[in-house]
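Okay, structure first, notes after.
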Amino acid sequence: MTRLGRKVEVELVDGGSDASDRRGAPPVEAAPSASSADEPGRARRRLVRAWPIAVVVVLVGAAYGVRGMVDAAAREALHETLARQPGYVEDLSRPLRPVWTHETSLAYVGAVHGDVAIAETWGGDEVELTAIDVRTGTALWSLTPEPGTHRGCWSSLTDMPPTSPVVACLVTGEMDENSSTNVLREHRLEHRDLATGALLARSSTRYALAASAWGDGLVELVAEDGVTLQRVDVEGQLRWSTRLSAAGDPAASLSSVAVRDDTALVVHGDHAWVVDASGQVVIEHRFAPRDEGSAEQASAGAWFFGDVELLPSGGYAFADHGLAETTLYDADGQRVRSVAYGWPATPVDDGSLGSVVVLVNEEVRVLDPRTGEELFRDEGSVVGAIRDGAVILGGRGKIRSVGITSREERWSVPAGDVLGTDGTTLLVHEGDGQRYLARGLDVRTGSEQWRVDVGPGSWLTVTDGHVFINGTSGITLLRP
């Protein structure tokens, strides 16, 4: 070998390494021995003995590989099913830890739009809303309250380009505290830059019985020629107008308008309507007549007969307070049946029970939305999730998993309230007034996977997939 700098030059020699070979003499061919002559046979025998083991190794490895792919595909399908549901959190496999804390007075996070959380402050006159960067906890912008109004910025304009996201804020005038009847309230729509809070557009002040942001505009219930629902853009241009009722005193009944999945849910007095995006009435439902209402309703002077909500199955539930019953409709607006009173709940649902309706009152009931048939009932509980054919129930100081078909309790542990799940681990919040905990429970067994102390005077919320501590000293984001 000749050393060249840091490299080594190696001279390769064929055959042996004796001196005659290096001098160029012809190599000497060794005679084959008996053992070397039999080497191919022994190699073949070793191969014959080894191939079954090799096949088993290959098959076992392939089985594990296939099982891994199947498990990964199942996890991905589960997360896709749960992703858009309230209470879903992407990862709860490890203990939650504080990422950042934004110090403020008593507040809670009402919505998260992309990387921006909108927090509403309670009990303060200086700041009404604060936008917080979810990645860092830095305050991006804040709005001060206007006297006699309330501002909510809970809707984002998803059709806007990602480079300039916009949040829709509805400014609503307060009702007269001395009046027990509905009054015309002022409404104003604002479009604000989500990153800076800059005002991009503002509607003129309008007066309506109720209103809600809808897309880039407003939907209003107005007292014109009876009761009319109309949709306008931020410039005040009318898109459509639908007359809902020609009779009754508009100011004598409570009203509400909510938008769910591009559909307006409207309540006025003893009537409720479902109106689609084009202004067509899909359902008109009448609650109990006034003379059948409760004594509490009669003494109030204002009549609140019931409410309507969109079901996860795509249908609708009309909860009638006077008759103490709930009427179910399918997604096409066809009446299914009336059942005992209950308000629709939206637990995180993996779809293992098919399409179901969950109603809560003093009990939990699970119903078939196509027939109204009762599949399950449990008293004194609240529903936390539906997973693997079981209902996860809270209440009475414990959390239980009960199979729908067998009615058998799969597991039960002392615990607080179920706030959410990633499909594998339940997020549980509990406290005694002095100490508050967040716990992770295995959804299949109820066994505790982890626990963390979240401090006194705090409560946890799951908002748009994020876990926040809301407390008197500020807002804290928790992540694994």
Side-chain angles (χ1 to χ4, degrees), residues 84 102 104 107-122 124-174 184-222 229-241 257-264 277-279 463-466 468 475 477:
R84 298 185 179 276
H102 177 76
T104 182
Y108 78 101
V109 176
V112 178
H113 308 299
D115 291 324
V116 179
I118 304 295
E120 180 172 351
T121 303
W122 291 348
D125 297 328
E126 296 181 359
V127 177
E128 181 179 31
L129 292 174
T130 300
I132 304 172
D133 189 323
V134 173
R135 298 164 296 185
T136 64
T138 304
L140 301 174
W141 50 269
S142 61
L143 300 175
T144 57
E146 300 177 12
T149 67
H150 176 266
R151 179 187 281 106
C153 299
W154 313 133
S155 301
S156 61
L157 306 188
T158 55
D159 56 342
M160 293 292 184
T163 54
S164 57
V166 176
V167 64
C169 302
L170 182 63
V171 182
T172 305
E174 296 179 355
L184 295 178
R185 302 167 68 177
E186 67 176 61
H187 301 273
R188 187 175 70 251
L189 181 67
E190 298 174 345
H191 287 176
R192 292 184 177 273
D193 186 290
L194 186 58
T196 66
L199 184 64
L200 305 177
R202 172 187 287 170
S203 72
S204 59
T205 299
R206 306 176 64 85
Y207 294 88
L209 298 168
S212 177
W214 193 349
D216 61 351
L218 275 170
V219 59
E220 307 169 322
L221 187 66
V222 297
L229 188 71
Q230 60 186 28
R231 189 172 179 180
V232 299
D233 62 22
V234 71
E235 304 296 335
Q237 296 298 314
L238 182 67
R239 293 183 175 173
W240 49 255
S241 178
V257 176
V259 176
R260 304 279 190 272
D261 288 353
D262 216 24
T263 301
S278 66
T463 306
D464 297 325
H466 298 76
F468 294 97
I475 297 170
L477 174 68

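These numbers come from a predicted model, not from an experiment.
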Contacts of [X] that satisfy side-chain contact (heavy atoms from CB on, under 4.5 Å) - sequence neighbours left out:
X    : value
T172 : L170, R185, H187
S155 : A168, A213
A131 : V116, I118, L140, W141
V134 : V112, A117, H466, L477, R479

Side chain to side chain donor-acceptor pair (under 3.5 Å) involving [X] - partner list, sequence neighbours excluded:
X    : result
R202 : none
S204 : none
T136 : T138
D262 : W214

Under the salt bridge (charged side-chain N to carboxylate O under 4.0 Å, His left out) rule, collect the residues that match up with R188, sequence neighbours excluded.
E146, E190

Can you list every salt bridge (charged side-chain N to carboxylate O under 4.0 Å, His left out) pair that touches residues 109-120, not counting sequence neighbours?
D115-R135

Residues 232-241 vs salt bridge (charged side-chain N to carboxylate O under 4.0 Å, His left out), sequence neighbours excluded, gives D216-R239

Among residues at least two apart in sequence or on other chains, which ones pass ring-ring contact (aromatic ring centres under 6.0 Å, His included) with Y207?
none

